[in-house]
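Notes for the one structure printed next.
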Amino acid sequence: MRTRTLYLFSSAALPVFDIAHVIEDAQADGWDVCLGLTPTAARWLGDSLDGLAALTGHPVRWDYELPGQPDVWPPADAVLLAPATFNTINQWALGITEKFIVGVVAEGIGKRIPIVTMPCVNAAYVQHPAFERSVETLRGAGVTVLYGEGGFVPQQPGAPVAYPWGAALAAVSAGSYDPARGDRNE
């Protein structure tokens, strides 16, 4: 029996420093986790990348493979993009795929892979009109966006970030593919 594969993608926001615990929690729930990062998040976690690869059993990725190179990850049954920064959310909604993780989730919409994202933005950023449009665009494309009540609630710039990782993992499990059942948990 094949295990479920979760692509756990993260942008450079403070909750990314909790990623090892999130991986362990997802693994405890039966997920085979593949970790992808934005280039800045990879730089932030630079000293931990080898340990994170050992924890997941897969290379940590932050860039596209070269043409002709095989994909080193199994296919995804679900994707969680969290924390998702203002920049990542807006690039994804606009289809700007220069970043590896944004390219994968943009394509994942078309492949009908269950995708959950949870922003991590401050209250000043969400005042920009592009942010709400981007959230609505992603929701309209079938992405579960955990923003607002029941998800991430923005705080004032500089305020401590209380990031509800548990809600994100629960949302992934609720809407993901279960190979043992052969259908989606919807």
Side-chain angles (χ1 to χ4, degrees), residues 2-92 96-109 111 113-122 125 138 143-146 151-152 160-173 176-177:
R2 186 171 77 83
T3 60
R4 302 174 299 167
T5 299
L6 174 65
Y7 286 7
L8 175 58
F9 290 163
S10 294
S11 303
L14 289 178
V16 78
F17 290 108
D18 297 326
I19 206 70
H21 297 294
V22 177
I23 292 167
E24 291 168 341
D25 289 346
Q27 289 170 332
D29 195 31
W31 291 102
D32 176 23
V33 180
C34 298
L35 179 61
L37 303 167
T38 62
T40 302
R43 191 171 67 244
W44 285 13
L45 297 176
D47 293 340
S48 304
L49 295 178
D50 289 340
L52 292 167
L55 179 61
T56 64
H58 301 285
V60 177
R61 298 197 45 204
W62 58 89
D63 205 356
Y64 291 101
E65 69 268 356
L66 296 174
Q69 287 183 325
D71 195 341
V72 296
W73 288 354
D77 293 303
V79 180
L80 171 59
L81 172 46
T85 61
F86 176 81
N87 193 35
T88 297
I89 292 287
N90 289 321
Q91 285 180 335
W92 182 10
I96 300 171
T97 61
E98 67 185 14
K99 293 179 189 163
F100 165 71
I101 67 169
V102 177
V104 174
V105 292
E107 187 177 45
I109 291 170
K111 290 181 173 181
I113 298 169
I115 303 172
V116 174
T117 190
M118 188 161 55
C120 186
V121 295
N122 67 41
Y125 274 125
L138 295 174
V143 175
T144 300
V145 182
L146 302 176
F152 181 77
V161 176
Y163 201 70
W165 279 111
L169 289 173
V172 167
S173 289
S176 68
Y177 178 70

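Note that the coordinates shown come from a computational prediction; the quantities given were computed from them, not determined experimentally.
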Item to complete: For residues Ser11 and Cys120, determine if any side-chain heavy atom of one lies less than 4.5 Å from a side-chain heavy atom of the other.
Response: no

Worksheet entry | Side chains of Val102 and Thr88 in contact at under 4.5 Å (non-hydrogen atoms) | yes

Fill in: Rounded distance (nearest 0.5 Å) linking atom OG1 of Thr117 with atom CG of Leu80
7.0 Å

Item to complete: Find the distance between NE2 (His58) and OG1 (Thr5) and round it off to the nearest 0.5 Å.
Response: 6.5 Å

Worksheet item: Could you state the interatomic distance from OG1 (Thr38) to CD (Glu98), rounded to the nearest 0.5 Å?
Response: 11.0 Å

Discussion item. Looking at every heavy atom in both Pro39 and Lys99, which two are closest together, and how far apart are they?
Written reply: CD-CG, 4.3 Å

Worksheet entry | Contact check, side chains of Gln27 and Leu55, non-hydrogen atoms, under 4.5 Å | yes

Discussion item. If you compare all heavy atoms of Trp165 against all heavy atoms of Val22, which two are closest, and at what distance to 0.1 Å?
Written reply: CD2-CG2, 3.3 Å

Practice prompt. Heavy atoms only: give me the nearest Gly108-Ile115 pair and the separation to one decimal.
Written response: C-CD1, 3.8 Å

Worksheet entry | Non-hydrogen atoms of Asp77 and Arg4 that approach each other most closely | OD2-CA, 3.3 Å

Item to complete: Measure the spacing between CG of Leu81 and OG1 of Thr144 and express it to the nearest 0.5 Å.
Response: 12.5 Å

Fill in: Glu107 atom CD, over 12 foreign heavy atoms within 6.0 Å
no

Fill in: Nearest heavy atoms of Pro59 and Val72, plus distance in Å
CG-CG2, 3.5 Å

Item to complete: Could you tell me whether the side chain of Trp31 reaches within less than 4.5 Å of the side chain of Asp25, counting heavy atoms only?
Response: no

Worksheet item: In this structure, are over 12 heavy atoms from other groups packed under 6.0 Å from Asp47 atom CG?
Response: no

Discussion item. Let me confirm one number: the CZ-CH2 distance from Arg61 to Trp73, rounded to the nearest 0.5 Å.
Written reply: 5.5 Å

Worksheet item: Using the ring of each side chain (for Trp, its six-membered ring), is Phe100 parallel, tilted or perpendicular to Tyr64, with breaks at 30° and 60°?
Response: perpendicular

Discussion item. Measuring from atom CG of Leu35 to atom CZ of Phe9, what distance do you get when rounded to the nearest 0.5 angstrom?
Written reply: 8.5 Å

Discussion item. Looking at Val105, is its backbone amide N or carbonyl O close enough to the side chain of Tyr7 to form a donor-acceptor pair, meaning the two atoms are under 3.5 Å apart?
Written reply: no

Discussion item. Please find the pair of heavy atoms, one from Ile89 and one from Pro119, that lie closest to each other, and give the distance.
Written reply: CD1-CG, 4.4 Å

Practice prompt. Verify side-chain contact (heavy atoms from CB on, under 4.5 Å) between Ile19 and Leu45, making sure each step is shown before the conclusion.
Written response: CA-CA 10 Å; Ile19 206 70; Leu45 297 176; 4.0 Å; yes

Discussion item. Please check if the number of heavy atoms outside Asp50 that lie under 6.0 Å from its CG is greater than 12.
Written reply: no

Discussion item. Going by the rule salt bridge (charged side-chain N to carboxylate O under 4.0 Å, His left out), which residues pair with Asp18 if we only count those two or more places apart in sequence or in a different chain?
Written reply: none

Worksheet item: Under a 4.5 Å cut-off applied to non-hydrogen side-chain atoms, are Ser10 and Trp62 in contact?
Response: no

Worksheet item: Does the side chain of Ile109 come within less than 4.5 Å of Trp92's, by heavy atoms?
Response: yes

